[in-house]
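Below is one structure, written out as structure tokens, with a few remarks after it.
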Amino acid sequence: MSADSSTRAATKPMNMVSRELRKQDLDLELIERAGKYGKDELNKADDALTKASEELKKSQEAARHQEKSETEEQLKEKALKENDETAKKACQSYENEQEETRSDILNTETADEFSAEPISETVLGTRLDLRG
């Protein structure tokens with residue numbers, strides 16, 4: 001904004017210089033003063049433009065850092081969510097396996113209790129009764 005207003009302020013004296021230079025009878029003092037004033041205003045505009053450019057670069061860099069940190073945060077949240085889901089699935093799978101094992105053990109014990117024949121095993125040709 002400052003650069004724009006300084007540039008506009010410099011146009012009037014520079015136009016005066018241009019008009020004066022077209023005349024046959026030149027007012028050199030007017031040309032010098034107007035030229036100096038216009039030059040000063042243009043320098044102010046250049047300084048303001050340089051400052052605005054630096055501020056823009058800083059704000060763009062800050063915006064990039066902000067976006068990068070937001071993206072990293074989203075990735076972390078997504079990874080945590082996926083880890084939670086994986087852990088829940090593993091836990092559920094483990095619980096299902098435990099339930100199946102309990103069920104198999106209960107079914108085996110029940111079948112053994114009602115079996116008509118005692119459980120036995122042959123070791124070196126000798127029959128051992130494992131039922132105590």
Side-chain angles (χ1 to χ4, degrees):
M1 293 301 233
S2 178
D4 189 42
S5 63
S6 294
T7 303
R8 275 191 248 126
T11 58
K12 186 175 181 180
M14 294 310 221
N15 288 337
M16 287 173 56
V17 168
S18 295
R19 275 193 310 265
E20 194 63 32
L21 288 174
R22 283 187 230 133
K23 295 180 181 178
Q24 291 294 326
D25 186 24
L26 300 176
D27 184 356
L28 295 177
E29 187 179 327
L30 175 68
I31 293 172
E32 185 180 346
R33 284 185 312 191
K36 184 177 178 184
Y37 178 75
K39 179 183 171 193
D40 290 344
E41 290 299 317
L42 287 174
N43 285 338
K44 286 180 188 177
D46 185 47
D47 292 343
L49 184 61
T50 303
K51 188 182 280 186
S53 176
E54 289 172 1
E55 289 178 8
L56 178 62
K57 286 179 183 178
K58 287 179 184 177
S59 65
Q60 286 174 336
E61 185 68 26
R64 278 194 294 271
H65 284 293
Q66 174 88 17
E67 185 177 342
K68 184 178 178 181
S69 64
E70 287 174 359
T71 302
E72 286 176 0
E73 186 65 31
Q74 289 173 350
L75 289 174
K76 286 179 184 178
E77 288 176 10
K78 184 177 178 181
L80 285 174
K81 185 177 180 181
E82 288 175 358
N83 286 343
D84 282 348
E85 290 175 4
T86 303
K88 286 178 184 178
K89 286 179 184 177
C91 212
Q92 185 64 38
S93 175
Y94 177 76
E95 288 175 359
N96 289 344
E97 288 176 13
Q98 291 297 317
E99 188 60 37
E100 288 176 12
T101 304
R102 283 189 207 111
S103 179
D104 289 345
I105 290 172
L106 287 176
N107 289 339
T108 303
E109 288 178 355
T110 305
D112 288 346
E113 286 179 11
F114 296 111
S115 141
E117 298 178 14
I119 299 174
S120 62
E121 186 175 332
T122 306
V123 178
L124 297 175
T126 308
R127 186 174 173 162
L128 300 174
D129 190 0
L130 297 177
R131 280 272 188 179

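Just so you know, these numbers come straight off a predicted model, no measurement behind them.
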Legend entry - Arg33 and Glu29, any side-chain heavy atoms less than 4.5 Å apart: yes
Inset, instruction - Applying side-chain hydrogen bond (donor to acceptor under 3.5 Å, both in side chains), name anything that partners Gln92, two or more places apart in sequence or on another chain. - result: Asn96
Inset, instruction - Mind checking the NZ-OG1 spacing from Lys68 to Thr71? Nearest 0.5 Å is all I need. - result: 10.0 Å
Legend entry - Interatomic distance, Lys81 atom NZ to Gln74 atom CD [nearest 0.5 angstrom]: 12.5 Å
Inset, instruction - Kindly give the heavy-atom pair with the smallest separation between Ala34 and Pro13, and that separation in Å. - result: O-CB, 3.3 Å
Legend entry - Shortest non-hydrogen contact between Lys39 and Met14, atoms and distance: N-CE, 4.2 Å
Inset, instruction - Could you verify whether a donor N or O on one side chain and an acceptor N or O on the other, from Gln66 and Glu70, lie under 3.5 Å apart? - result: yes
Inset, instruction - Determine yes or no for a side-chain-to-main-chain donor-acceptor pair under 3.5 angstrom, with Thr101 supplying the side chain and Glu97 the backbone. - result: yes
Inset, instruction - Look at the side chain of Ser53 and the backbone N and O of Leu49, then say whether any donor-acceptor pair between them is shorter than 3.5 Å. - result: no
Legend entry - NZ/NE/NH1/NH2 to OD/OE distance under 4.0 Å, Glu85 and Lys88: no
Inset, instruction - For the pair Lys58 and Glu55, find out whether any cationic side-chain nitrogen is under 4.0 Å from an anionic carboxylate oxygen. - result: no
Legend entry - Lys57 vs Glu54, salt bridge (Lys or Arg N to Asp or Glu O under 4.0 Å): CA-CA, chis, key distance, verdict: CA-CA 5 Å; Lys57 286 179 183 178; Glu54 289 172 1; over 6 Å; no
Inset, instruction - Answer yes if Leu28 and Leu21 sit in the same cluster of Ile, Leu, Val, Met, Phe, Trp and Tyr residues linked by side chain heavy atoms under 4.5 Å apart, and no otherwise. - result: yes
Inset, instruction - Identify, with sequence neighbours excluded, every residue that meets salt bridge (charged side-chain N to carboxylate O under 4.0 Å, His left out) alongside Glu61. - result: Arg64
Inset, instruction - Go through the structure and list residues passing salt bridge (charged side-chain N to carboxylate O under 4.0 Å, His left out) with Arg22, not counting sequence neighbours. - result: none
